[in-house]
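Note that these values count all heavy atoms, side chains included, but never hydrogens, waters or copies made by symmetry.
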Amino acid sequence: TSGGGGMGNQIKKFISALRLHPESKSHMSYFGNIFKDKTLCQLDSKQQYTPLNTWRIVTLPSDSEIPVGFCKFSTSDKGFHNCDVNGRNIDHEYLRIPHSFRKKIINLIHNRLQYSDLVNNKVDDFIKNHESYSSVHIRSFKADNFSNDKSSRYALERHLNWVNVGRQTCIDHINNLSDNKILISSDSQSEFNIVKSQCHNKQFIRYATNNSDRSHEVDFIDMVLLSKGNHMVLNTISTYSEVAWYLSGCNENIHLC
């Protein structure tokens, strides 16, 4: 696999590559730090390969549980591109996805994308200190560059959707959670402060606190910790939220904002 995108995009891309060809390799060097199997990385620029550049998890002809027209959310009319011509995308569909298909992705992650000792040790240390919690992913798109090009306009639209709808929905979900301890993963310190100020009876904990200096390893550990929440408050259109959900084993106790 190759190409741009953040942590969620890159892992979804690699899952798709492994579904298409089990021996696929990634050109993302940090995969060697976050996953146990070091052979997942192929850094030899002379090696012949066919690149895969998609943020979607591919559906195969054999995935009979995903019918034509299944996709309702990530469709072209909602601004998402490269859709399956028959509407068989499962991206951002969460609990609508049949359990049999979810199991295929969970098994692939379990068998091929086992965490490295670095990740496991950091996760174990955090869990020992904080034990049980619910988790929240704030994806405000506030850090994206809002220029005049098309991709930045999409980011601005997503940010405005967060401000107008997502933020308050997130706050309401947090206040309704039974857990008092809440892990927050956020792309914006100011948005975290706003949400925190509206949730007076909750204790907030964080793993990654400096958004301007997050390594790939820290970003992934934060995602794994997000997946450990008893309940998960996830962003509707974030691939980071989506991958955290798969890492959780597809937690049924999710709330979307």
Side-chain angles (χ1 to χ4, degrees), residues 5-12 14-15 28 30-37 94 102 105-106 108-110 112-143 166 170-171 173-189 191-193 195-196 199 202-257:
M7 181 64 68
N9 283 29
Q10 291 296 342
I11 295 178
K12 285 186 68 178
F14 197 50
I15 287 171
M28 302 297 107
Y30 62 81
F31 275 24
N33 295 327
I34 65 177
F35 296 123
K36 182 173 292 185
D37 184 358
Y94 287 104
R102 298 184 213 174
I105 307 304
I106 293 169
L108 185 150
I109 291 170
H110 177 77
R112 300 299 309 279
L113 302 181
Q114 296 177 354
Y115 309 152
S116 68
D117 290 341
L118 166 70
V119 172
N120 281 325
N121 291 338
K122 294 291 185 182
V123 169
D124 289 345
D125 287 345
F126 190 90
I127 297 295
K128 286 177 184 177
N129 289 329
H130 296 288
E131 297 180 347
S132 180
Y133 57 79
S134 284
S135 57
V136 177
H137 181 218
I138 296 174
R139 181 64 168 114
S140 68
F141 296 91
K142 193 168 188 175
C170 180
I171 291 168
H173 284 320
I174 293 172
N175 282 324
N176 288 328
L177 291 172
S178 57
D179 283 322
N180 290 323
K181 187 178 288 187
I182 310 295
L183 171 80
I184 293 280
S185 174
S186 174
D187 68 349
S188 167
Q189 180 63 42
E191 288 297 327
F192 166 73
N193 292 339
V195 170
K196 182 179 179 181
C199 303
K202 302 298 183 182
Q203 176 191 352
F204 290 95
I205 56 175
R206 300 179 76 184
Y207 177 75
T209 57
N210 189 343
N211 289 310
S212 63
D213 189 31
R214 288 175 61 142
S215 67
H216 290 112
E217 292 80 8
V218 168
D219 210 21
F220 184 71
I221 293 166
D222 202 25
M223 178 186 284
V224 174
L225 290 170
L226 182 64
S227 77
K228 301 294 184 180
N230 300 320
H231 284 248
M232 303 173 70
V233 178
L234 302 174
N235 187 280
T236 310
I237 59 173
S238 168
T239 58
Y240 192 94
S241 277
E242 216 178 351
V243 173
W245 181 62
Y246 280 111
L247 296 183
S248 77
C250 297
N251 189 343
E252 294 282 333
N253 299 315
I254 64 170
H255 315 272
L256 301 178
C257 57

| query | Is the number of heavy atoms from other residues, nucleotides or ligands within 6.0 Å of NZ (Lys181) greater than 12? | reply |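 For Lys181, atom NZ is crowded (more than 12 foreign heavy atoms under 6.0 Å).
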
Do the non-hydrogen side-chain atoms of [X] and [Y] ever get within less than 4.5 Å of each other?
X: Leu247; Y: Ile11; result: no
X: Ile171; Y: Cys199; result: yes
X: Tyr246; Y: Leu113; result: no
X: Ile138; Y: Ser188; result: no
X: Arg206; Y: Phe192; result: yes
X: Val233; Y: Ser134; result: no

| Just by modelled atom types, is the Arg139 backbone N or O under 3.5 Å from a matching donor or acceptor in the Asp187 side chain? |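 Looks like no, no N/O pair under 3.5 Å.
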
| said: Please list all pairs meeting side-chain hydrogen bond (donor to acceptor under 3.5 Å, both in side chains) that have one or both residues in residues 229-239, counting only residues at least two apart or in different chains. | reply: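 Every pair satisfying side-chain hydrogen bond (donor to acceptor under 3.5 Å, both in side chains) with a residue in residues 229-239: Asn9-Thr239, Ser132-Asn230, Asp179-Asn230, His231-His255.
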
Not counting sequence neighbours, which residues clear side chain to side chain contact (heavy atoms under 4.5 Å, CB included) with [X]? List them please.
X: Lys228; result: Val123, Ile127, Tyr133, Val224
X: Asp219; result: Met7, Arg214, Tyr240
X: Asn180; result: Lys202
X: His110; result: none

Gap separating the [atom1] atom of [X] from the [atom2] atom of [Y], nearest 0.5 angstrom:
X: Leu256; Y: Met232; atom1: CG; atom2: CE; result: 10.5 Å
X: Ile109; Y: Ser227; atom1: CD1; atom2: OG; result: 9.5 Å
X: Ile221; Y: Leu226; atom1: CD1; atom2: CG; result: 13.5 Å

| Glu217: salt bridge (charged side-chain N to carboxylate O under 4.0 Å, His left out) partners, not counting sequence neighbours |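 For Glu217, no residue satisfies salt bridge (charged side-chain N to carboxylate O under 4.0 Å, His left out) once neighbours in sequence are set aside.
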
| said: Going by salt bridge (charged side-chain N to carboxylate O under 4.0 Å, His left out), name the residues that satisfy it together with Glu242, two or more places apart in sequence or in a different chain. | reply: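 Here the qualifying residues are Lys12.
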
| task | List in chain and number order the residues that pass side chain to side chain donor-acceptor pair (under 3.5 Å) with Ser241, two or more places apart in sequence or in another chain; answer none if no residue qualifies. | result |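 Only His137 meet the side chain to side chain donor-acceptor pair (under 3.5 Å) criterion with Ser241.
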
| field | By side chain to side chain donor-acceptor pair (under 3.5 Å) - contacts of Asn193 (at least two apart) | value |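 Gln189.
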
| query | Which pairs with one or both residues in residues 243-257 pass salt bridge (Lys or Arg N to Asp or Glu O under 4.0 Å), sequence neighbours excluded? | reply |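 Residue pairs passing salt bridge (Lys or Arg N to Asp or Glu O under 4.0 Å), neighbours aside: Arg102-Glu252.
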
| What pairs with Phe35 under ring pair (Phe, Tyr, Trp, His ring centres under 6.0 Å), at least two apart in sequence or on another chain? |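 Residues passing ring pair (Phe, Tyr, Trp, His ring centres under 6.0 Å) with Phe35: Phe31, Phe220.
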
